[in-house]
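In what follows, chains are A, B, ... by sequence order, proteins preceding strands, each numbered from 1.
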Amino acid sequence: MFALVDCNNFYASCERVFRPDLNGKPIVVLSNNDGCVIARSNEAKALGVPMGAPAFQYTDLFKKNNIHVFSSNFALYGDMSNRVMTILNEMAPEIEIYSIDEAFLRFTGSQNLNLQDIGQKIKNRVQKSTGIPVSVGFAPTKALAKVANKIAKKFPERTSGVYIIDNEEKRLKALKWLPVEDVWGIGRQHTKRLNKLGIKNAYEFSQLSDTWIKKNMSVLGLRLKKDLFGIPTLEIEDLKSKKSIATTRTFDKNYKDFEQIKERVVTFAVTCSEKLRKQKSQCNSILIFLHTNWHRKDLPQYIKNIVVKLPYPTNSAIELAKFAVIGLKKIFIQGYEYKKAGVIVIDFTPEEQEQMALFEKQDERHKKIMKTMDNLNDKFGNHKIKLAAQDLKRRWKMNQEKLSPRYTTKIDEIILIHC
DNA sequence: TCTGGGGTCCTAGGGCGA
DNA sequence: TCTGTCGCCCTAGGACCC
C-alpha cells in the first residue's frame with residue numbers, strides 16, 4: 001500500500017506557522033521578483049485568486065479583501081520541508097520525497113494495518129511538531145494514492161484529512177469523481193485532446209484503448225492507465241543525483257547592457273557550481289540562455305541559447321563562469337532589451353572520477369580554492385565570497401517587498417518572546 | 001511599469017557506421 | 001563502387017510535475 005502525504009497549501013501554511021494571527025485569513029505567496037501567485041490559502045482561493053495570477057493585476061483584489069501577500073521565502077520553506085520529511089521518515093519503512101511538500105510512503109502487509117489510524121497519527125504528529133497541516137491518501141498504487149489524497153484534501157470534514165482507496169467500489173467512485181485534468185500525469189495538452197473525445201473524468205480515461213493512449217500519450221500514458229486500475233507500475237524511488245542543475249532569473253527591469261547581463265550570468269554559473277559541488281558532480285557542458293520580455297509585444301523579440309562543451313569536466317566556479325561568458329558573448333546581440341537569462345549545467349560525471357583530458361586539464365589549484373570558498377560561505381553566510389566578475393556591491397536586487405523573516409535559519413531573524 | 005523557477009522523461013528525426 | 005537498410009546515438013522539442 002502506498003500513502004501520499006501532501007502538505008496543505010504548503011508555502012502559505014509555512015508563513016502561518018510564524019504568524020498565527022493569520023489563521024483563517026486569506027494569504028498568497030508570490031514567485032521570485034514578486035511576479036505571480038504561487039501559493040494560496042483556502043480563503044484566498046475562495047476569493048477567486050487563481051494559481052499563477054500576475055500579482056500586479058490583482059493588487060486591487062488583494063487590498064479590497066485584506067489578502068496578506070508574501071514574497072517567496074525559500075530558505076524558510078526548505079527548512080520546514082526538511083522538518084516534515086524527517087518526521088515522515090520516522091513513521092514509515094520506505095519513503096520517497098517527491099517534492100518540497102509531498103512524499104510517498106510505502107507500507108507492506110497492509111491487510112493487518114489500521115491505515116486510518118496510521119494516517120491520523122501521521123497527520124497529528126506533523127501538525128503538532130511543525131505546525132504544518134497535511135492530508136494523507138492511501139491506495140495500492142501511486143496514481144491512486146494521489147487521487148485518494150485529493151479526496152482527503154477536498155472533503156476534510158468527512159475524511160478528517162485521511163482517505164483510503166482499498167476496494168473496487170471506492171476506486172471506481174473516486175475515478176468517476178475526478179476530472180480528467182486533475183489526474184496526475186494529464187496536463188493541459190492531453191486534457192484538450194481527451195475533452196475532444198468527450199472524456200471528462202479519470203474513469204472514462206481508464207476505459208480508453210491501449211492503442212489510443214500509446215499513440216497519443218506515449219508509454220507514460222499506458223503506465224498511468226495501469227496504475228489507475230490498481231496495478232502498480234511506479235515504485236518508490238531512491239534519492240537520485242540530479243541530471244541537470246539550473247539557475248535562471250527574470251530581471252527586475254529590462255537590461256540592454258552586456259556588462260550587466262554578464263554579471264548576472266557569472267553569478268548564475270557560480271550558483272550552479274555550488275549546487276554541483278554539493279552533490280559531488282562535475283559537468284561536461286553548460287547551457288546559457290537569454291530572453292527578451294515576451295509579454296512586451298511592442299518590442300523586438302529575441303530568444304537564444306547555446307551549449308558550450310567543456311574541454312574537461314569541472315565544478316569550479318572560476319571555470320564555469322569563464323565558459324558561461326564565452327557562451328554569452330556568442331549569443332548576445334546589442335540592441336535588444338533582455339528580461340531573463342539563465343545557466344543550466346548538464347552532462348554530469350562524478351567528482352571523484354578523474355577523466356584524462358587529451359590536451360587540456362583543469363587547474364588543480366581550483367579544487368582548493370573552491371573548498372575554501374565553500375567553507376567561508378558556510379561560515380559567514382551564503383554568497384559572501386564572490387568572484388571579481390560578480391556584483392560585489394550588490395546593485396542588483398530581486399523585488400521582494402513582502403519577504404517574511406527567515407525564522408528558522410537565521411539566528412538574528414528568530415522570533416523573540418518578550419516576557 | 002510589473003507575468004516564477006527548477007526539474008524529469010519520452011519521441012521524432014537526422015547523422016553515421018556497418 | 002554505389003545504394004539501401006538497420007540500429008545506435010544524439011539533439012531538440014514537447015509533454016509533464018511541483
Side-chain angles (χ1 to χ4, degrees), chain A residues 4 6-11 28-39 49-60 62 69-74 77-78 81 96-104 142-143 146 149 180-194 213-224 233-234 237 239-254 268 271-272 275 279 284-285 287 289 291-299 303-307 309 337 339-348 398-402:
Chain A
L4 177 67
D6 192 318
C7 301
N8 302 347
N9 313 323
F10 182 55
Y11 298 165
V28 298
V29 178
L30 304 182
S31 62
N32 274 346
N33 232 5
D34 289 350
C36 44
V37 174
I38 56 168
V49 183
M51 189 63 162
F56 74 94
Q57 285 175 2
Y58 284 81
T59 37
D60 285 348
F62 294 160
V69 181
F70 289 92
S71 300
S72 44
N73 185 344
F74 287 106
Y77 312 149
S81 171
E96 173 190 342
I97 298 171
Y98 180 70
S99 72
I100 193 163
D101 73 333
E102 62 190 292
F104 285 104
K142 279 178 154 185
K146 274 263 185 192
N149 187 286
V180 73
E181 62 266 31
D182 290 344
V183 176
W184 186 39
I186 296 182
R188 254 192 307 231
Q189 301 306 316
H190 290 330
T191 299
K192 257 193 233 164
R193 232 173 276 164
L194 289 163
I213 293 179
K214 172 79 169 59
K215 185 162 172 269
N216 292 280
M217 300 174 67
S218 85
V219 292
L220 295 176
L222 277 184
R223 261 182 237 160
L224 174 63
T233 59
L234 306 163
E237 287 181 19
L239 196 62
K240 284 188 226 136
S241 292
K242 287 179 183 136
K243 295 176 177 174
S244 69
I245 290 172
T247 308
T248 72
R249 290 288 178 281
T250 301
F251 305 141
D252 53 337
K253 52 181 189 287
N254 291 349
F268 299 158
T271 306
C272 283
K275 295 178 187 171
Q279 72 159 36
N284 290 277
S285 300
L287 181 150
F289 73 79
H291 281 205
T292 48
N293 186 349
W294 64 279
H295 295 288
R296 293 287 302 271
K297 306 290 183 211
D298 54 318
L299 294 176
I303 297 179
K304 188 86 179 164
N305 73 60
I306 187 169
V307 175
K309 289 238 180 228
E337 298 196 18
K339 181 65 177 169
K340 184 173 180 174
V343 170
I344 304 173
V345 286
I346 45 182
D347 190 7
F348 296 167
M398 190 155 63
N399 288 328
Q400 281 189 310
E401 281 183 21
K402 316 275 187 183

Asker: List for me each residue that meets side-chain contact (heavy atoms from CB on, under 4.5 Å) alongside A/Ser285, sequence neighbours excluded, and say none if there are none.
Answerer: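 side-chain contact (heavy atoms from CB on, under 4.5 Å) list for A/Ser285, sorted by chain: A/Val307, A/Lys309, A/Ile346, A/Asp347.
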Asker: Of all nucleotides in DNA chain C that come within under 4.0 Å of a heavy atom of chain A, which is furthest toward the 5' end and which toward the 3' end?
Answerer: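 On DNA chain C, the outermost contacted nucleotides are C/dT11 to C/dC18.
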Asker: Does the side chain of A/Asn33 get closer than 4.0 angstrom to OP1 or OP2 of B/dT3 through an N or O atom?
Answerer: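 No, no such contact exists.
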Asker: P atom, B/dT3 versus C/dC18: distance in rounded Å?
Answerer: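 Going atom to atom, P in each nucleotide, I get 25 Å.
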Asker: Apply side-chain contact (heavy atoms from CB on, under 4.5 Å) to A/Ser99 and list each qualifying residue two or more places apart in sequence or on a separate chain.
Answerer: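 Per chain and number, A/Ser99 pairs via side-chain contact (heavy atoms from CB on, under 4.5 Å) with A/Asp101, A/Glu102.
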Asker: Provide a list of protein-nucleic acid N or O atom pairs under 3.5 angstrom, restricted to nucleotides 7-11 of chain B.
Answerer:
from   : atom 1 : to       : atom 2 : distance (Å)
B/dG7  : OP2    : A/Ala246 : N      : 2.4
B/dT8  : OP1    : A/Lys243 : N      : 2.8
B/dT8  : OP2    : A/Ser244 : N      : 3.4
B/dT8  : OP2    : A/Ser244 : OG     : 3.0
B/dC9  : OP2    : A/Lys243 : NZ     : 2.9
B/dC10 : OP1    : A/Arg223 : NH2    : 3.0

Asker: Output all residues satisfying salt bridge (charged side-chain N to carboxylate O under 4.0 Å, His left out) with A/Lys297, sequence neighbours left out; order by chain, then residue number.
Answerer: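 Salt bridge (charged side-chain N to carboxylate O under 4.0 Å, His left out) list for A/Lys297, sorted by chain: empty.
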Asker: Nearest whole Å is fine: how far is B/dG5 P from A/Ile100 CD1?
Answerer: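 After rounding, the reported distance stands at 15 Å.
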Asker: What pair of heavy atoms forms the shortest contact from A/Leu234 to A/Lys142, and how long is it?
Answerer: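 In terms of heavy atoms, the two residues are closest at CB-CD, 3.6 Å.
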Asker: So, for A/Cys36 and A/Gly52, which heavy atoms are closest and what is the spacing to 0.1 Å?
Answerer: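 Closest pair (atom of A/Cys36, atom of A/Gly52, distance): CB-O, 3.5 Å.
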Asker: Report the residue (A/Gly52 or A/Thr248) whose heavy-atom-nearest nucleotide on DNA chain B is the more 5′ of the two.
Answerer: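 The residue mapped nearer the 5' terminus is A/Gly52.
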Asker: Just jot down the salt bridge (charged side-chain N to carboxylate O under 4.0 Å, His left out) partners of A/Arg193, sequence neighbours excluded, or say none.
Answerer: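 With sequence neighbours excluded, A/Arg193 shows a salt bridge (charged side-chain N to carboxylate O under 4.0 Å, His left out) to no residue whatsoever.
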Asker: For a quick check of understanding: with a heavy-atom distance under 4.0 Å over all strands, which category does A/Tyr98 fall into, base, sugar-phosphate or nothing?
Answerer: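 The residue A/Tyr98 makes sugar-phosphate contact but no base contact.
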